[in-house]
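Computed from a prediction, not measured in an experiment: that's the story for all the values here. Here is the naming used below: chain letters follow the sequence lines, and residue numbers restart at 1 for every chain. FYI, side chains are in, hydrogens and waters are out, and symmetry mates aren't considered; it's all heavy atoms of this structure.
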Amino acid sequence: MNSTGNRPPSLAVSIGGLTLKNPVMPASGTFGYGEEYAPFADLNRLGAVVTKGISLLPRAGNPPPRIMETPAGMLNAVGLQNVGVRAFVAEKLPYLRQHDVPVIVNIFGEAVDEYAAVAEILSRAGGVHALEVNISCPNVKKGGIAFGARPESAAEVTAAVRGNTDLPVIVKLTPNVTDIVEIALAVESAGAHALSLINTLLGMSIDVERRVPHLQNITGGLSGPAVRPVAVRMVWQVAGRVKVPVIGVGGIVDSASALEFLIAGARAVQVGTGQFVNPRMTLDVIEGIEAYLERHGMKDVQDLIGSLQCTSAR
Amino acid sequence: MNSTGNRPPSLAVSIGGLTLKNPVMPASGTFGYGEEYAPFADLNRLGAVVTKGISLLPRAGNPPPRIMETPAGMLNAVGLQNVGVRAFVAEKLPYLRQHDVPVIVNIFGEAVDEYAAVAEILSRAGGVHALEVNISCPNVKKGGIAFGARPESAAEVTAAVRGNTDLPVIVKLTPNVTDIVEIALAVESAGAHALSLINTLLGMSIDVERRVPHLQNITGGLSGPAVRPVAVRMVWQVAGRVKVPVIGVGGIVDSASALEFLIAGARAVQVGTGQFVNPRMTLDVIEGIEAYLERHGMKDVQDLIGSLQCTSAR
Amino acid sequence: MLSNRETAPGHFHMVLGLPVPIADPVPGQFVMVRMPDRLDPLLARPLGIYGFSRQAGEARLELLYRVAGKGTALLSGLSTGRVLQVLGPLGRGFRIVPELRTVILVAGGIGIAPLTFLAEHYRGLPAVVEGREIVCYVGARCSEALVGLERMEALCSRVVVTTDDGTCGACGIVTEPLGLDLPSFRPGATVIYACGPGAMLRCLADMLRESPVPCQVSVEERMACGLGACLGCAVAIRSGENALSYVRVCKEGPVFDIHELDWK
Amino acid sequence: MLSNRETAPGHFHMVLGLPVPIADPVPGQFVMVRMPDRLDPLLARPLGIYGFSRQAGEARLELLYRVAGKGTALLSGLSTGRVLQVLGPLGRGFRIVPELRTVILVAGGIGIAPLTFLAEHYRGLPAVVEGREIVCYVGARCSEALVGLERMEALCSRVVVTTDDGTCGACGIVTEPLGLDLPSFRPGATVIYACGPGAMLRCLADMLRESPVPCQVSVEERMACGLGACLGCAVAIRSGENALSYVRVCKEGPVFDIHELDWK
Ligand SMILES: Cc1cc2nc3c(=O)[nH]c(=O)nc-3n(C[C@H](O)[C@H](O)[C@H](O)COP(=O)(O)OP(=O)(O)OC[C@H]3O[C@@H](n4cnc5c(N)ncnc54)[C@H](O)[C@@H]3O)c2cc1C
Ligand SMILES: Cc1cc2nc3c(=O)[nH]c(=O)nc-3n(C[C@H](O)[C@H](O)[C@H](O)COP(=O)(O)OP(=O)(O)OC[C@H]3O[C@@H](n4cnc5c(N)ncnc54)[C@H](O)[C@@H]3O)c2cc1C
Ligand SMILES: Cc1cc2nc3c(=O)[nH]c(=O)nc-3n(C[C@H](O)[C@H](O)[C@H](O)COP(=O)(O)O)c2cc1C
Ligand SMILES: Cc1cc2nc3c(=O)[nH]c(=O)nc-3n(C[C@H](O)[C@H](O)[C@H](O)COP(=O)(O)O)c2cc1C
Ligand code: FES
Ligand code: FES
């Protein structure tokens with residue numbers, strides 16, 4: 001019961017058959033495997049947990065420096081360092097299983113069968129509730145162009161993962177494309193249960209005194225509030241065209257920025273870089289959304305999702 | 001003569017046969033037709049002047065609100081409001097002709113022949129030194145997809161403009177594409193003398209209290225320091241692949257950010273949103289580049305252009 | 001910055017000392033204010049001029065502002081001695097008609113700021129007409145949002161106050177008492193100046209549609225350059241039948257003839 | 001913030017009062033410091049702990065920092081009373097070996113900060129061994145960049161100073177006098193702790209390659225989360241022949257055995 005004597009608004013949403021107690025989760029790669037943020041944000045209070053991207057074999061990642069701050073954003077070139085799917089199942093998953101929170105495992109590969117293989121192992125592991133398929137990584141067989149850059153390869157990966165799992169499949173789109181709607185529709189047709197967007201924008205920054213790139217990898221992925229307008233635009237474009245739920249990601253640093261995504265049509269949101277700004281950010285966002293619903297007399301977050309009025313901006 | 005008793009470094013660069021006394025100019029659409037900033041930055045000191053985009057017929061532009069601030073950036077949906085090419089020649093050009101500065105006129109159209117027609121009129125007007133062709137605008141004949149989004153249509157516009165003018169043709173690329181290098185190569189093959197990039201990233205932001213877009217046009221173009229990492233990355237990618245000079249634009253708010261572009265391979269830079277931050281910004285950038293060259297013992301800005309060392313970031 | 005004082009909840013009075021020469025501002029003009037060395041907020045904010053004076057060679061600029069969002073909230077937290085970036089005076093201010101006997105001011109909320117400077121200007125004019133009267137109609141949400149009333153009272157012959165909730169003056173909107181008095185204004189000898197929220201100005205435009213009394217309004221729009229270069233601050237004006245046309249608030253405005261603007 | 005004083009050009013000593021409970025930090029641990037309500041700079045900056053005390057229930061944290069760029073420049077401009085966001089203590093600090101007689105500290109520039117806290121910690125330990133000596137080798141660019149020398153001198157048996165330009169102490173780099181003294185250190189009774197710029201640590205790693213004296217170093221890398229979640233702060237460690245492996249400075253570090261790291 002809240003101060004007005006009414007029941008608190010319902011925050012529950014459903015993504016590909018999975019019910020989340022609220023629409024807020026961390027973004028992959030910014031939350032490790034769940035343990036690091038536990039002292040700040042009780043995992044049980046989150047809508048879901050999303051892990052760092054997992055590949056078939058362990059990967060060392062890129063040499064440092066791996067990150068650089070940019071105006072209202074940051075570049076990262078971690079290089080998808082991870083322990084590999086077997087170590088993940090053996091060493092990281094048991095910790096997550098102890099909690100009462102859906103576990104979404106982010107996966108990637110350099111070839112279609114690698115994606116399929118990781119999906120299969122995770123589906124049998126127990127304690128995994130959904131897969132989030134990162135298609136922003138380079139397709140080594142096709143000259144390094146990202147799977148997510150072309151509708152055909154994006155659909156191919158989606159279908160391969162779907163074929164190897166009974167878990168809900170969320171496909172995470174890259175924003176570095178001419179037409180995000182085209183990719184989204186291809187992935188939806190290939191059987192994705194949900195879409196998450198956006199991954200990072202490809203960027204670069206230079207140490208002008210030494211005339212070298214700030215990142216050893218030269219380019220990196222841009223994230224943070226700087227990219228939020230691009231992310232909100234893409235979520236709005238895609239949510240208006242697909243039937244499956246969309247998860248909004250990109251530059252959320254407070255509940256107002258999360259609300260932008262929900263109003264634009266996202267059914268849930270992920271907080272990435274925002275957690276570095278404040279390790280309690282996911283909880284602040286949950287509380288902020290609840291307060292907003294109460295203030296606006298809304299009983300259910302569903303009333304908010306996609307509620308943008310576009311006829312007049314005044 | 002500077003303090004060290006040596007001659008000041010040379011800042012002159014050449015773009016498509018046009019010699020600029022320094023590599024710094026305002027970006028189209030942020031400098032009006034030249035008169036507004038004259039009290040702050042003497043036009044004669046600029047490398048060139050770049051005007052607001054001009055179309056064949058006058059255009060009223062979009063209804064307000066047209067702009068919104070975002071984290072370290074801004075969205076605009078001015079809608080290419082302009083006086084039309086005839087009024088430009090009659091009313092705006094005479095003022096610019098009084099100055100000793102190259103005049104680059106930004107042009108656009110909704111059809112290929114509109115581009116060609118504007119180019120022809122400007123070529124005969126006198127006092128125009130180069131054309132900058134904005135291919136980010138929607139091709140009304142092809143369902144509103146931007147000319148710059150596909151290599152074929154980008155090349156088509158370039159060839160049409162080249163065929164109708166003797167002036168140097170600079171083609172301004174949109175960053176909202178999967179593969180900027182592909183577009184750059186197509187435009188180069190079609191005869192562009194130079195490329196400028198980037199135009200704005202398509203974005204959107206929402207007034208969450210009222211659940212309406214901040215811009216009446218719903219989406220708008222994102223500019224400012226927020227987008228600089230994307231712009232630097234694209235300039236670096238393109239400069240490494242084309243033979244024609246590249247002009248770097250996007251998020252320059254001090255001389256250090258301009259230096260990033262030059263080091264990445266741009267032969268000149270444009271300052272857009274940065275001028276709103278400080279109306280003297282173009283001059284600050286020129287002075288900052290000169291001071292940098294002196295501090296690093298470089299005699300010519302040419303030594304700086306493309307000087308990025310990528311073997312090691314440490 | 002010389003001072004930055006909260007005069008009513010969420011409303012601040014700021015005094016700036018300007019180290020560089022500045023032209024004498026006309027009432028209704030504005031300045032673009034920015035916190036240097038910050039990229040967030042990125043853009044300067046337009047603020048009307050509340051007062052201006054020269055003392056021993058140094059110019060002093062007064063601003064009166066309401067905390068509306070991020071930029072003004074950060075401004076309000078600054079303390080004396082901080083250096084701000086100020087660009088101005090900008091735009092076309094109110095047209096002064098010294099020979100008129102009756103000057104009517106209509107202020108909604110923080111709209112009182114430029115009108116106070118205007119009233120001061122009229123008071124300082126050489127006496128072209130005898131017995132000029134300045135009457136101000138001030139409206140606000142509640143008594144707490146009534147700012148700058150004392151200063152205005154000292155400058156006017158009469159100040160009529162309304163608040164939406166009736167906590168001060170008459171209960172209702174400011175255009176009500178004005179509407180009642182409107183028939184008594186002498187067309188050839190009266191001018192109305194107004195500044196306030198869009199709803200108030202729209203209501204005023206409606207009310208004055210048939211009135212022969214001229215009215216100048218100061219309007220607001222988001223701005224980037226403040227100089228007329230970016231076309232960001234457009235507002236629609238009435239032109240031919242179906243033709244749409246936009247003018248720049250920062251250059252052709254912020255003061256317009258109320259009938260020139262398109263209030264739809 | 002309780003104070004923020006410039007102790008040498010470009011070097012600041014900051015004292016923070018912490019309103020919320022905090023665990024006792026181990027020397028070598030760090031905190032992530034951020035200015036709230038700013039998106040630029042966006043990320044918190046890691047700063048080593050220079051001192052820590054509890055007074056009447058309130059914890060006080062001391063930091064010693066050098067203005068290196070935007071974030072530290074903004075920090076240096078803050079005045080008493082400002083509220084900062086502080087996360088910590090974080091990371092694995094120096095391993096304390098109470099039974100050793102000789103503690104050698106090697107500080108380059110601002111690297112003196114965590115080593116001062118370490119020296120204080122050793123001084124406060126119950127006397128497990130008699131006559132423990134703490135010797136500190138301090139290097140800096142010039143005398144003006146020598147910070148925190150007095151405090152260090154009060155804690156050590158001996159302080160050896162070098163400056164690159166010879167404006168204070170011996171002229172040269174700090175590893176030179178250390179190298180000369182190295183043969184005199186008793187392997188089983190000595191530990192070296194070092195913190196400073198990469199070049200200094202690399203030189204030290206070279207020098208100690210064959211030495212039996214253990215050495216712990218605190219290294220720096222850019223950080224985002226400070227908690228081990230983002231993998232942004234990786235440094236390479238020596239593992240198998242060609243195998244590359246990275247550890248997190250914020251979690252496995254910032255203190256490492258000098259021979260564990262890959263200095264190429
Ligand atoms: C010519 C002119 C003179 C003005 N004079 C004054 C004055 O004397 N005192 C005063 O308090 N305010 C004045 N304003 C309004 C003031 O500019 C805005 O309140 C301010 O820019 C809001 O900035 P913010 O960062 O605090 O809010 P934001 O977070 O940017 O926005 C908060 C709200 O204010 C609206 N807003 C933002 N910018 C403007 C703008 N330029 N015009 C209108 N609405 C805006 C936004 O749409 C939003 O709804 C004036 C505006 C103009 C155009
Ligand atoms: C564990 C740890 C403890 C530290 N303790 C202290 C301390 O006690 N006192 C102190 O003055 N400094 C300390 N530093 C370094 C301090 O974090 C950086 O100087 C600071 O982050 C620079 O931020 P800036 O915004 O001022 O500079 P920026 O503008 O971000 O960068 C300026 C320069 O500093 C480099 N830099 C940026 N961040 C780091 C970083 N995290 N580590 C190393 N170099 C960096 C950049 O590459 C650049 O060359 C520590 C760093 C670490 C990792
Ligand atoms: C350090 C870092 C590591 C990331 N790692 C992954 C990853 O492993 N898999 C993935 O799909 N996205 C990864 N991302 C992208 C984020 O999940 C998110 O899509 C992006 O950062 C935009 O959101 P934000 O602005 O809230 O950070 C990573 C982002 C960062 C900053
Ligand atoms: C208000 C505004 C209007 C613009 N109008 C044009 C235009 O008419 N033609 C064009 O090619 N680019 C236009 N641009 C894009 C800029 O020229 C520039 O490419 C972009 O803003 C990125 O640079 P910046 O970050 O320095 O602003 C406009 C940008 C802004 C902010
Ligand atoms: S604010 Fe740029 S034209 Fe008015
Ligand atoms: S800073 Fe994020 S893992 Fe170390």
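Highest contact tally toward chain B, considering only A:Asp207, A:Thr178, A:Val208, is held by A:Thr178 [criterion: heavy-atom pairs under 4.5 Å]. Among A:Val230, A:Val232, A:Leu259, A:Leu308, the residue making the largest number of heavy-atom pairs under 4.5 Å with chain B is A:Leu308. In terms of non-hydrogen atom pairs under 4.5 Å with chain A, the most contact-rich of B:Ala231, B:Gly251, B:Pro229, B:Ser257 is B:Pro229. Per-residue counts of heavy-atom pairs under 4.5 Å with chain B were compared for A:Ser205, A:Gly73, A:Pro63, A:Ser307; the largest is that of A:Ser307. Comparing A:Asn176, A:Leu75, A:Thr70 by heavy-atom pairs within less than 4.5 Å of chain B, the highest count is held by A:Asn176. Looking only at heavy-atom pairs under 4.5 Å with chain A, the residue among B:Ala256, B:Ala72, B:Pro71, B:Ala149 that has the most is B:Pro71.
Between A:Arg150 atom CZ and A:Ile135 atom CD1 the span is 12.5 Å, to the nearest 0.5 Å. A distance of 9.5 Å separates SG of B:Cys310 from CD of A:Gln216, quoted to the nearest 0.5 Å.
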- Message: Pair B:Val133, B:Val157 - check side-chain contact (heavy atoms from CB on, under 4.5 Å), show working.
- Response: CA-CA 8 Å; B:Val133 187; B:Val157 173; 3.8 Å; yes
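Side-chain polar atoms of B:Gln81 and B:Arg66 form a donor-acceptor pair below 3.5 angstrom. Defined by atom type and a distance below 3.5 Å, a donor-acceptor pair is missing between the side-chain atoms of A:Gln237 and A:Arg241.
For A:Glu209, the parts sitting under 4.5 Å from any heavy atom of chain B are the backbone and the side chain alike. Interface residue A:Ala264: backbone and side-chain heavy atoms are both found under 4.5 Å from chain B. Neither the backbone nor the side chain of B:Leu262 comes within contact range of chain A; no heavy atoms are under 4.5 Å apart. Neither the backbone nor the side chain of A:Ile180 has a heavy atom closer than 4.5 Å to any heavy atom of chain B.
Listed by sequence position, A:Ile218, A:Thr219, A:Leu222, A:Pro225, A:Ala226, A:Arg228 are the residues of residues 218-228 of chain A in contact with chain B, using a 4.5 angstrom heavy-atom cutoff.
For B:Ala258 against B:Val285, the heavy-atom pair with the smallest separation is CB-CG1, 3.5 Å.
Identified under the ring pair (Phe, Tyr, Trp, His ring centres under 6.0 Å) test for residues 281-305 of chain B, with sequence neighbours left out: B:Tyr292-B:His296.
Under the 4.5 Å side-chain criterion, counting only non-hydrogen atoms from C-beta, B:Ile263 is in contact with B:Leu304. Residues B:Leu11 and B:Glu290 are in side-chain contact: their nearest non-hydrogen atoms beyond the backbone lie under 4.5 Å apart.
Of the possible polar contacts, none joining the B:Arg267 side chain to the B:Val246 backbone as a donor-acceptor pair under 3.5 Å is found.
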